[in-house]
2 protein chains.
Amino acid sequence: MAKSTSKRFTIGVLSKHAGVKIETIRYYEKSGILPDPQRTTGGYRSYTNEHLTRLVFIRRCRELGFSMSDIRELLALADDTEMHCVDIHDRTMRHADAIRTKIKHLQNMERTLRKIASKCDGDDAPQCPIIESLQGAGSLLS
Amino acid sequence: MAKSTSKRFTIGVLSKHAGVKIETIRYYEKSGILPDPQRTTGGYRSYTNEHLTRLVFIRRCRELGFSMSDIRELLALADDTEMHCVDIHDRTMRHADAIRTKIKHLQNMERTLRKIASKCDGDDAPQCPIIESLQGAGSLLS
DNA sequence: AGTTGACTCTGTAGTTACTACGGGGTTTAT
DNA sequence: ATAAACCCCGTAGTAACTACAGAGTCAACT
């Protein structure tokens, strides 16, 4: 768990590694969700691995349907701040429960999709039984 | 599997049951993701349970971070359309794989959050070990 | 029948979270 | 030293809603 190499890099490099567009990174900075980086003498933003970690986390959260304020709260948990232990416990549990629900829904969807795929597997029959498979209890829309 | 009761209801009722705002329902209709319902003589929209099912599915997908075009594709799978079996197989598997990745990330987050909560459980110690728990390999940000 | 209140209609404008672009300065490589 | 590639900031555009205004509809009392 040695402290990671603290090389600094530009916004373009950060963008590539995090999979987040440059404009979006600046947008996150402006909205306070990603801390202002140091600047070079020329005025260029200079990032560290901590920025990268945080940015990847933000990107993932967005892909998983969390709002910016959700993410702000989750990051506050990671950033400590001056919250009380009890607050943290409650907030954390609420988030964990919401996430569990998301997982359940995704698991249902994945199961149904794989069922559909397996029915369409192998033979290229003129009409695959997709409609039927979607009417039943295990419907994608259920 | 009897055909569900085909009572019709207004947009307000649909909104309440689906947990989707009226304006959003009209927006979905305009963007073609929710089929145009019948109208009463007075011009009111008249919905069925099929609309409800579809709308709940759309809402969930949005909460899970799917874009409108993702949802359009998923609904196309449910709606049959004139796609070939092979197409469906490929698309379905791609979606299933993406969903599996989402599940993995959410499971990591849930595990980490519950760990944090359990550390903050019971005693109201002056400083809970949140920061440390977030630095390690099982960090929320990892 | 009339009227009140809750509901719905359409269309337009505002919000959130990006995304693209334009005009300029900086850095790097030849 | 001069392009090419990169970065700066600000503004405008997009996607997916969300709110509001002004008018019509419906159900239920008197």
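All chains are named by letter (A, B, ...) in the order of the sequence lines, taking the proteins before the strands, and each is independently numbered beginning at 1. Scope of the values below: all heavy atoms of this structure, side chains included, with no hydrogens, waters or symmetry mates. Everything numeric in this text was worked out from a predicted model, so none of it was measured.
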Give a yes or no on whether a salt bridge exists between B:Arg45 and B:Glu29, defined as a side-chain N under 4.0 angstrom from a carboxylate O.
yes
- Is A:Glu50 paired with A:Arg54 through a side-chain N to carboxylate O contact shorter than 4.0 Å? no
A:Tyr47 OH to D:dC6 P, in whole Å, measures 16 Å
Does B:Lys102 pair with A:Glu63 as a salt bridge, N-O distance under 4.0 Å?
no
A:Asp36 CG to D:dC8 C1', in whole Å, measures 15 Å
In B/S/- notation (B base, S sugar-phosphate only, - none; protein heavy atoms under 4.0 Å), nucleotides 11-24 of chain D written 5' to 3' is -----BBBB----B
Could you tell me whether a side-chain N or O of A:Lys7 sits under 3.5 Å from a main-chain N or O of A:Thr48, the two making a donor and an acceptor?
no
Taken to the nearest whole Å, CD1/A:Ile11 to P/C:dT27 is 15 Å
Under 4.0 Å, counting only non-hydrogen atoms across every strand here, what does B:Arg59 touch: a base, just sugar-phosphate, or nothing?
nothing
Sorted by chain and number, sequence neighbours left out, side-chain contact (heavy atoms from CB on, under 4.5 Å) with A:Thr10 holds for A:Val13
note: A:Arg39, atom CZ; C:dT26, atom C1'; distance rounded to Å ~ 13 Å
Whole-Å distance, B:Ile22 CD1 to C:dT10 C1', equals 14 Å
B:Glu29 CD to C:dT8 P, in whole Å, measures 14 Å
Whole-Å distance, B:Ile25 CD1 to C:dT8 C1', equals 12 Å
Practice task
Using a heavy-atom cut-off of under 4.0 Å over every strand shown, decide if B:Thr10 touches base, sugar-phosphate, or nothing.
Solution key: sugar-phosphate
For a side-chain contact (heavy atoms from CB on, under 4.5 Å) check, start with the C-alpha distance between A:Cys61 and B:Met109, then their side-chain angles and the critical distance, and finish with the verdict. CA-CA 10 Å; A:Cys61 283; B:Met109 288 180 69; 4.0 Å; yes
